[in-house]
There are 2 protein chains.
Amino acid sequence: MARAGLTADRLTQAAADLADEVGFENVTVSALARRFGVKDASLYSHIRNAQDLRVRLAVLALAELADRVAEAIAGRSGKDALVAFASAYRRYAHEHPGRYSAMQMALDPDTAADSAAGKHAEMTRALLRGYDLWEPDQTDAVRLLHSTFHGFVSLERSGAFHSHPRGVEASWLRALDALDSLLRAWPA
Amino acid sequence: MARAGLTADRLTQAAADLADEVGFENVTVSALARRFGVKDASLYSHIRNAQDLRVRLAVLALAELADRVAEAIAGRSGKDALVAFASAYRRYAHEHPGRYSAMQMALDPDTAADSAAGKHAEMTRALLRGYDLWEPDQTDAVRLLHSTFHGFVSLERSGAFHSHPRGVEASWLRALDALDSLLRAWPA
DNA sequence: TAGGCTTACCTAGAGGTCCTAGGCAAATCA
DNA sequence: TGATTTGCCTAGGACCTCTAGGTAAGCCTA
């Protein structure tokens with residue numbers, strides 16, 4: 001009876017890959033067990049249940065994205081940083097659709113606090129240092145930026161923009177221009 | 001053997017109510033059958049499968065929201081229309097969380113074309129008549145507005161804004177102010 | 001109003017996912 | 001080397017999805 005060497009971390013990683021391949025909604029305990037050549041029941045020594053697995057996946061994705069964004073904005077400021085942040089965000093969503101979907105899960109407050117979710121807001125704040133914004137405008141701007149990035153990527157992936165010939169890439173660049181000029185002249 | 005009077009439309013309506021009560025992901029054929037006091041198998045004369053049910057629900061929600069928005073912006077223009085549109089959108093999401101989740105499903109192009117999805121873009125265009133925008137800026141602006149509304153509501157519902165004391169309502173109003181001034185001075 | 005047709009709902013059953021309880025063997029440690 | 005821990009197993013229950021085939025309710029026509 002050879003052992004597969006399962007751990008919660010290896011399962012979460014594999015679940016993330018599975019999510020990117022077959023979609024987050026198709027990440028099941030059974031499918032994951034199949035991938036390791038192991039019975040379903042064997043996974044329950046490592047994860048509490050299916051929901052726990054999905055939460056771990058969401059936390060993994062949040063951390064990965066935070067790393068990417070941190071690297072992207074390092075040493076940049078102003079519009080440069082804005083574009084780098086936004087591009088890293090969007091690229092991650094495109095390269096890892098399953099992980100990105102996982103990130104949208106509503107996490108309970110404790111889990112969210114332990115996750116990299118806070119780091120996202122913190123980095124957006126760092127980004128805003130290139131603009132002249134102070135509380136509470138800063139928080140409002142963080143929320144607006146995050147909303148726009150997430151909204152755009154989410155609608156793009158759901159096909160909402162396919163009905164019109166205008167290139168999505170062009171609209172994306174224009175949105176970034178618009179956000180930049182908005183931040184530079186934040187209405188009082 | 002009394003009949004329950006099932007039709008695809010009545011099932012879809014009930015599924016929408018069920019979604020708002022227990023969450024879109026918990027809308028199952030079994031739960032719906034239970035609600036009508038009928039066996040699971042009986043639903044399959046009216047809907048093709050579970051996915052078909054969810055798509056019908058999404059189409060219903062899109063149509064309902066389109067109606068609400070149309071009513072909200074009727075007779076308004078400029079910022080007035082912008083705020084009315086956005087508020088109707090956000091209120092619908094809050095009052096009907098299950099229906100709103102359903103709307104986010106990726107619809108295949110044919111279904112999307114038959115649905116009210118096009119009406120949404122059309123109404124956003126109508127809204128922009130109060131501002132001085134022409135193609136392709138208009139399409140870019142439609143996409144930006146939709147992204148921001150959807151992103152904000154979606155993040156708000158997933159709890160992403162709860163980590164900070166700043167009131168969500170205040171940030172929302174500021175976002176609308178920002179979008180208004182952005183549209184008035186759309187960068188060339 | 002009786003016959004036939006259509007259709008709404010049924011039972012039976014196969015296959016999949018989630019999860020618990022309890023068992024045995026592999027790895028680790030004394 | 002023997003004892004303990006840990007990893008994966010089998011067995012099995014509960015629920016969801018969906019198909020095939022049957023029966024009875026309601027409608028149409030004569």
Side-chain angles (χ1 to χ4, degrees), chain A residues 1-60 98-99 101-102 104-108 111, chain B residues 1-60 98-99 101-102 104-108 111:
Chain A
M1 200 191 287
R3 297 188 176 196
L6 305 182
T7 65
D9 281 351
R10 288 195 59 201
L11 286 174
T12 308
Q13 275 288 343
D17 294 340
L18 184 60
D20 287 338
E21 290 165 29
V22 304
F24 180 59
E25 70 281 6
N26 297 315
V27 172
T28 64
V29 174
S30 316
L32 195 55
R34 233 170 351 244
R35 173 158 297 212
F36 280 98
V38 143
K39 300 293 170 180
D40 302 10
S42 305
L43 302 200
Y44 290 91
S45 321
H46 305 279
I47 55 166
R48 275 210 311 283
N49 50 42
Q51 180 66 5
D52 177 45
L53 176 66
R54 294 190 192 106
V55 169
R56 285 170 188 271
L57 171 44
V59 170
L60 170 75
R99 284 166 159 93
S101 295
Q104 311 315 322
M105 280 189 55
L107 299 180
D108 73 275
T111 311
Chain B
M1 201 192 288
R3 299 192 174 193
L6 304 184
T7 64
D9 281 351
R10 287 196 61 201
L11 287 174
T12 307
Q13 275 288 343
D17 294 341
L18 185 60
D20 286 338
E21 289 165 30
V22 302
F24 180 58
E25 70 281 6
N26 296 316
V27 172
T28 65
V29 175
S30 314
L32 195 56
R34 225 173 287 133
R35 175 158 294 213
F36 280 97
V38 144
K39 299 293 170 182
D40 303 9
S42 306
L43 303 199
Y44 289 90
S45 321
H46 305 279
I47 56 166
R48 275 210 310 283
N49 51 40
Q51 180 64 7
D52 177 45
L53 177 66
R54 295 189 192 106
V55 169
R56 285 171 188 270
L57 171 45
V59 169
L60 170 74
R99 284 166 159 93
S101 295
Q104 310 314 323
M105 280 190 55
L107 299 180
D108 74 275
T111 312

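All of these numbers come straight from a predicted model, not from anything done at the bench. Order of the sequence lines sets the chain letters (A, B, ...), proteins ahead of strands, with each chain counted from 1.
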**Prompt:** Are B/Leu11 and B/Arg56 close enough that some pair of their side-chain heavy atoms sits under 4.5 Å apart?
**Reply:** no

**Message:** Measuring from the side chain of A/Val38 (C-beta onward, heavy atoms only), which nucleotide among D/dC18, D/dC8, C/dC18 has the closest atom?
**Reply:** D/dC8

**Request:** Pick base, sugar-phosphate or nothing for B/Ser45, based on heavy-atom distances below 4.0 Å to the nucleic acid.
**Result:** base

**Prompt:** Within this structure, what is the CD-to-P distance between B/Gln51 and C/dG16, rounded to whole angstrom?
**Reply:** 19 Å

**Fill in**
Separation of C/dC10 atom C1' from B/His46 atom NE2, nearest Å, is 12 Å

**Message:** Within the 4.5 Å heavy-atom criterion, are A/Asp17 and A/Arg99 side-chain neighbours or not?
**Reply:** yes

**Message:** Between C1' on D/dC16 and CZ on B/Arg35, what's the gap in Å once rounded to a whole number?
**Reply:** 17 Å

**Item:** Nearest-angstrom distance from the residue atom OH of A/Tyr44 to P of C/dT17
**Value:** 11 Å

**Request:** Measure from CG on A/Asn26 to C1' on C/dC18 and round the result to the nearest Å.
**Result:** 16 Å

**Fill in**
Of the listed C/dT20, D/dT17, D/dC16, the closest approach to the B/Arg34 side chain comes from D/dC16

**Student check: side-chain heavy atoms of B/Val55 and B/Leu107 closer than 4.5 Å** = yes

**Protein-nucleotide distance (A/Asp40, atom CG; D/dG13, atom C1'), rounded to Å** = 14 Å

**Proximal nucleotide (of C/dT20, C/dC10, D/dC9) relative to the A/Lys39 side chain** = D/dC9

**Prompt:** Just how far, in rounded Å, is P of C/dT7 from CG of B/Leu43?
**Reply:** 18 Å

**Message:** Is it the case that atom CZ in A/Arg35 sees more than 12 heavy atoms from other parts of the structure closer than 6.0 Å?
**Reply:** yes

**Prompt:** Nearest to the side chain of A/Leu6 - D/dC16, C/dT17, D/dC8?
**Reply:** D/dC8

**Request:** Check whether any side-chain nitrogen or oxygen of A/Arg54 sits under 4.0 Å from OP1 or OP2 of C/dC18, and answer yes or no.
**Result:** yes

**Prompt:** DNA chain C: A/Ala50 or B/Ala41, which has the more 5' nearest nucleotide?
**Reply:** B/Ala41

**Fill in**
Between CZ of A/Phe36 and P of D/dC8 the distance, given in whole Å, is 10 Å

**Request:** Would you tell me if any nitrogen or oxygen in the side chain of A/Ser30 comes within less than 4.0 Å of OP1 or OP2 on C/dC18?
**Result:** yes

**Message:** With rounding to the nearest 0.5 angstrom, report the CG to CD distance, A/Leu57 to A/Gln13.
**Reply:** 9.5 Å

**Item:** Residue A/Asn49, side-chain atoms from C-beta onward, closest of D/dT17, C/dC10, C/dC19
**Value:** C/dC19

**Message:** Taking any heavy-atom pair under 4.0 Å as a contact, classify A/Arg10: base, sugar-phosphate, or nothing.
**Reply:** nothing

